[in-house]
Amino acid sequence: MHRLSDAESRPVPSDAADEAVRVRFAPSPTGGLHIGGLRTALFNWLFARRHGGKIVLRIDDTDRERSKEEHLRSILNGFRWLGVTFDEGVEEGGPYGPYRQSERLPLYRAALERLVAEGKAYPCYCTAEELEESRKRQLAEGKTPRYPGTCRNLTPEERAAREAEGRKPVFRLKVDLDRPVVVHDVIRGDVVFPPDQLDDFVIVKSDGMPTYHFASCVDDAEMRITHIIRAEEHLSNTPRHVVLFRALGAPVPTFAHVPMILAPDRTKLSKRHGATSVEEFRALGFLPEAIVNYSLLLGYTPEDGSELFRLEELAPTFDLARIAKHPAVYDVGKLRWMNAHYLRTLPLERVYAYAEPFFKAAGYLPEEPDEAAKKTALERIEAVRERVATLVELVDAVSYFYRPVEAYDEKGVAKHFKNPAEVAERLRLAAERLAAVEPWTLETTEAAYRALIAELGISGGALIHPTRLALSGRTVGPGIFHLMVLLGKTETIRRLEAAIDWLKARA
RNA sequence: GGCCCGUUGGUGAAGUGGACGAACACACCGCCCUUUCAAGGCGGCAUUCAGGGGUUCGAAUCCCCUACGGGUCACCA
């Protein structure tokens, strides 16, 4: 790969240069897949697809304390469930592996040795206390705290002396800036940082582990990353990275800092605002389609203004420059609306597949459901899916198909079971008519009811509402004849009789 | 505190000097459809783009200042 001598960054590639595009998503496994992280990953994925490039999944696990294997698995699972794939990474491998920073330690070591040999980095023996004191002093003077440069020009003898004391050094990058650092950001334009803001920052910790900045830049350079698309919180850190890339003799990638996602109270989204991870949303009954679609909508609008789209549909026209500059507020209400949309428009079999684990958990389906059980579940899902917003609500909405009616909705009783004797009599007549209905279909049950309603000279609702309450215990649900058909003749009549008994006991 | 980023309705947002007397979607409020609830249809919902100055024949769009919000200044990522 050639180096652009003066260029500090690569331009957004034209179609001809698409081959070169390489992006990465680099989560640290200190938690599950956060909704903000997901969106960043999605933007990376789209950019790679749009330009026919590659996306790599790298794991930034240099934080030994907080990195957990279970979190890694959770992240991987999340992507798998959402249908997001990577071209290279911890699972798929690739030519630039390993893809886990904890396995790349020799690479960082080598990079450090190179920098030290070139005089671009040096060991620093200052203690945390010394540094803290200097920081406080500078802050008190209203200045940006910067490393005072104590160990910058230590003689070999001085170094030996500190080593002899048993001090474990950190390594700092020697930063000498005579002009501002310009960060080329596709979303925000050129961002200029004054040179006096940067100091000799730590690149390798005293335990020998690289800092995030160092590991990240070494990896991005070695993995030939061309575009870094990441969260906005990194924008302020970017000058450090630019300086690092230069020191490493690597081309500086182009950046795109995507805005943060805020909670409804306009503060940073966190656990106290409810679900924030893909895993949690999954457990709440949200579909992958909705989660992906909604995440993308937070800060991105396609040129045609459409809001409902699949990930792949967005790829051909995806444009980083269209990403919003300002943070977006997460609105669960809209997510619910979108989830409801997918619940009723996705192929029924698909919805069934998503619902199956929920049905099993509720005890409505066995571990190994047979075809008949599946078919029944399918029909019931079809009947209620357009009136619920999540899978959890869906399971609740079909509950009375799977278990007897244990109670009648209170408001429903007040309204439709108001005159027990009269209602009981109507239901008795209805049960009697239904007993004679054969075959048991939407048309035949309705015909029987319509006839009875006409004979009694009452409104349809006067019979239908009590019937719904009797059959489901609820005041809302699928069409009443649909309900009867799904329940079956025997069960319909049984429930009608149970309601009649209940009413008589109260008459 | 320094530096950096941002600010269009309750929310997501379109908008890159004239078609803006500001699209679209969610939410909300009406009406219609209807056995219920949904879904769907129709209509309403920013006299104005954080505030103030400029530039211009003309500004939500360009410039400056102020306010507010956020990020960052770690041997966390």
Side-chain angles (χ1 to χ4, degrees), chain A residues 26-30 60-63 65-67 101 124 126 128 131-132 135 138-146 168-172 183 185 187-188 191-194 196-199 201-213 215-216 231-240 257 259-260 262 264 266-268 294 297-301 303-308 321 324-338 340-341 344 384-389 397 412 416 446 449 453 459-465 467-469 472 474-481:
Chain A
S28 65
T30 52
D60 284 12
D61 58 352
T62 50
D63 185 341
E65 318 277 271
R66 297 193 297 147
S67 291
Q101 292 192 324
C124 165
C126 296
L131 259 17
E132 184 51 37
R135 187 187 344 262
Q138 296 185 65
L139 231 28
E141 291 169 29
K143 289 196 289 202
T144 301
R146 304 174 74 206
K168 287 271 174 229
V170 301
F171 283 83
R172 292 178 181 274
V183 173
D185 187 291
I187 297 174
R188 289 156 214 283
V191 183
V192 182
F193 293 85
D196 62 355
Q197 293 297 311
L198 277 188
D199 65 357
F201 57 94
V202 176
I203 57 178
V204 171
K205 310 179 217 172
S206 54
D207 64 358
M209 290 293 274
T211 60
Y212 160 74
H213 303 300
S216 176
E232 188 188 350
E233 54 190 299
H234 291 294
L235 181 55
S236 296
N237 284 147
T238 306
R240 280 194 178 70
H257 288 96
M260 317 221 335
L262 266 30
R266 294 212 148 257
T267 63
K268 201 168 172 177
Y294 184 67
L297 209 53
L298 250 26
Y300 187 78
T301 317
E303 207 164 358
D304 65 5
S306 57
E307 297 200 304
L308 295 167
K325 296 178 177 66
H326 53 268
V329 173
Y330 207 90
D331 178 8
V332 187
K334 187 146 185 177
L335 206 213
R336 282 176 56 79
W337 163 78
M338 196 171 272
H341 165 81
R344 64 176 181 270
V384 303
R385 67 161 163 172
E386 93 165 16
R387 34 203 120 222
V388 296
H416 308 303
E446 172 151 17
Y449 252 52
I453 287 164
S459 71
L463 183 59
I464 289 170
H465 291 310
T467 300
R468 177 188 310 286
L469 195 56
S472 69
R474 308 189 183 197
T475 59
V476 304
I480 193 68
F481 307 110

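The sequence lines fix the lettering, A, B, ..., with proteins before strands; numbering per chain opens at 1.
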Base, sugar-phosphate, or nothing for T62(A), non-hydrogen atoms under 4.0 angstrom? sugar-phosphate
Examine A77(B): is either OP1 or OP2 under 4.0 Å from a nitrogen or oxygen in the side chain of R66(A)? Give yes or no. no
Are R387(A) and V476(A) packed together at the side-chain level, in the sense that at least one heavy-atom pair is separated by less than 4.5 angstrom? no
Base U35(B) to side chain R468(A), donor-acceptor N/O within 3.5 Å cut-off: yes
Could you write out each protein N or O paired with an N or O of nucleotides 5-11 of chain B at a distance under 3.5 Å?
{"residue": "C5(B)", "atom": "O2'", "partner": "R188(A)", "partner atom": "NH1", "Å": "2.5"}
{"residue": "C5(B)", "atom": "O2'", "partner": "E232(A)", "partner atom": "OE2", "Å": "3.2"}
{"residue": "U7(B)", "atom": "OP1", "partner": "H326(A)", "partner atom": "ND1", "Å": "3.4"}

Pairwise P distance, U48(B) and G53(B) [rounded to whole Å]: 15 Å
Nearest-Å distance for atom pair CD/P, residues E307(A) and A13(B): 10 Å
Taking only side-chain nitrogens and oxygens of R387(A), does any of them come within less than 4.0 Å of OP1 or OP2 of U36(B)? no
Reckon I480(A) touches a base, only the sugar-phosphate, or nothing at all at heavy-atom distances under 4.0 Å? base
Need one value for N237(A): base, sugar-phosphate or nothing, where a base atom within 4.0 Å counts as base even if backbone is also close, heavy atoms only. base
Please identify each residue that fulfils side chain to side chain donor-acceptor pair (under 3.5 Å) with R146(A), with sequence neighbours left out. none
Set of side chain to side chain donor-acceptor pair (under 3.5 Å) partners for S306(A), sequence neighbours left out: D304(A)
Among C3(B), C76(B), G40(B), which nucleotide sits nearest the side chain of D63(A)? C76(B)
Using atom P of each nucleotide, how far apart are A19(B) and A60(B) to the nearest Å? 10 Å
Tell me: CD of E303(A) to C1' of U16(B), nearest whole Å? 12 Å
When we call it a touch if two heavy atoms are under 4.0 Å apart, what does G460(A) touch: a base, just sugar-phosphate, or nothing? nothing
Does U36(B) pair with anything, Watson-Crick or G-U wobble, both distances under 3.5 Å, and if so, with which nucleotide? none
To the nearest Å, give me how far apart CG (L297(A)) and C1' (G12(B)) are. 6 Å
How many whole angstroms separate atom CZ of R240(A) from atom C1' of U72(B)? 8 Å
Would you call P259(A) and R188(A) a side-chain contact if the rule is heavy atoms closer than 4.5 Å? yes
Quick one: the side chain of D304(A) and the base of A14(B), do they pair up donor-acceptor inside 3.5 Å? no
Testing G71(B), A38(B), C75(B) for proximity to the side chain of R172(A), the answer is C75(B)
So what does G299(A) touch, heavy atoms closer than 4.0 Å: a base, only the sugar-phosphate, or nothing? sugar-phosphate
Considering just the side-chain nitrogens and oxygens of T301(A), establish if one lies under 4.0 Å of OP1 or OP2 belonging to A14(B). yes
Is the shortest side-chain heavy-atom distance between P478(A) and V384(A) below 4.5 Å? yes
Any heavy-atom pair between the side chains of H257(A) and V191(A) that's under 4.5 Å? no
Under 4.0 Å, heavy atoms only, any strand: does P27(A) hit a base, just the sugar-phosphate, or nothing? nothing
With both distances under 3.5 Å as the test, what is the Watson-Crick or G-U wobble partner of G18(B)? C57(B)
Spacing of the C1' atoms in U16(B) and U61(B) (rounded, Å): 7 Å
Whole-Å gap separating C1' (A77(B)) and OH (Y212(A)): 7 Å
Just checking, any donor-acceptor pair under 3.5 angstrom between side chains of Y449(A) and T467(A)? yes
Nearest heavy atom decides the nucleotide; on that basis, is R146(A) or L262(A) closer to the 5' end of RNA chain B? L262(A)
Integer angstrom distance from the C1' of C65(B) to that of U55(B): 15 Å
If we call it a pair only when both distances are under 3.5 Å in a Watson-Crick or G-U wobble match, what pairs with U72(B)? G2(B)
Using side chain to side chain contact (heavy atoms under 4.5 Å, CB included) as the criterion, list what pairs up with D63(A), not counting sequence neighbours. E65(A), R66(A), S67(A)
Side-chain contact check for M260(A): nearest option of G71(B), C3(B), U35(B) is G71(B)
By side chain to side chain contact (heavy atoms under 4.5 Å, CB included), V202(A) pairs with (sequence neighbours left out) V170(A), R172(A), T211(A)
Rounding to a whole Å, what distance do you find between D199(A):CG and A74(B):C1'? 11 Å
Specify the separation, in whole Å, of atom CH2 of W337(A) and atom P of A38(B). 17 Å
Same-atom distance (C1') from G10(B) to G2(B), integer angstrom: 36 Å
Which base, if any, makes a Watson-Crick or G-U wobble pair with A50(B), both distances under 3.5 Å? U66(B)
In whole Å, measure the gap between the C1' atoms of A59(B) and G70(B) for me. 27 Å
For the side chain of V476(A), starting at C-beta, report the closest nucleotide among U36(B), A74(B), G12(B). U36(B)
Is the shortest side-chain N/O distance from T475(A) to OP1 or OP2 of C37(B) below 4.0 Å? no
On a whole-Å scale, what distance lies between the C1' atoms belonging to G51(B) and A67(B)? 7 Å
How is H257(A) classified with respect to the nucleic acid when contacts are heavy atoms under 4.0 Å: base, sugar-phosphate, or nothing? nothing
Contact class for S28(A) vs. all strands (heavy atom < 4.0 Å): base, sugar-phosphate, or nothing? sugar-phosphate
With sequence neighbours excluded, residues passing side chain to side chain contact (heavy atoms under 4.5 Å, CB included) with Q101(A): R58(A), D60(A), D61(A), T62(A), Y108(A), A215(A), D219(A)
Please give the distance between the C1' atoms of C26(B) and C68(B) as a whole number of Å. 26 Å
Which residue, K168(A) or Q197(A), contacts RNA chain B at a nucleotide closer to its 5' end, judged by nearest heavy atom? Q197(A)
Can you tell me if K205(A) touches the phosphate of C76(B), counting only side-chain N or O atoms and a distance under 4.0 Å to OP1 or OP2? yes
Mind checking whether H465(A) and T475(A) have side chains closer than 4.5 Å, heavy atoms only? no
Could you tell me how far apart E446(A) (CD) and U34(B) (P) are, to the nearest whole angstrom? 13 Å
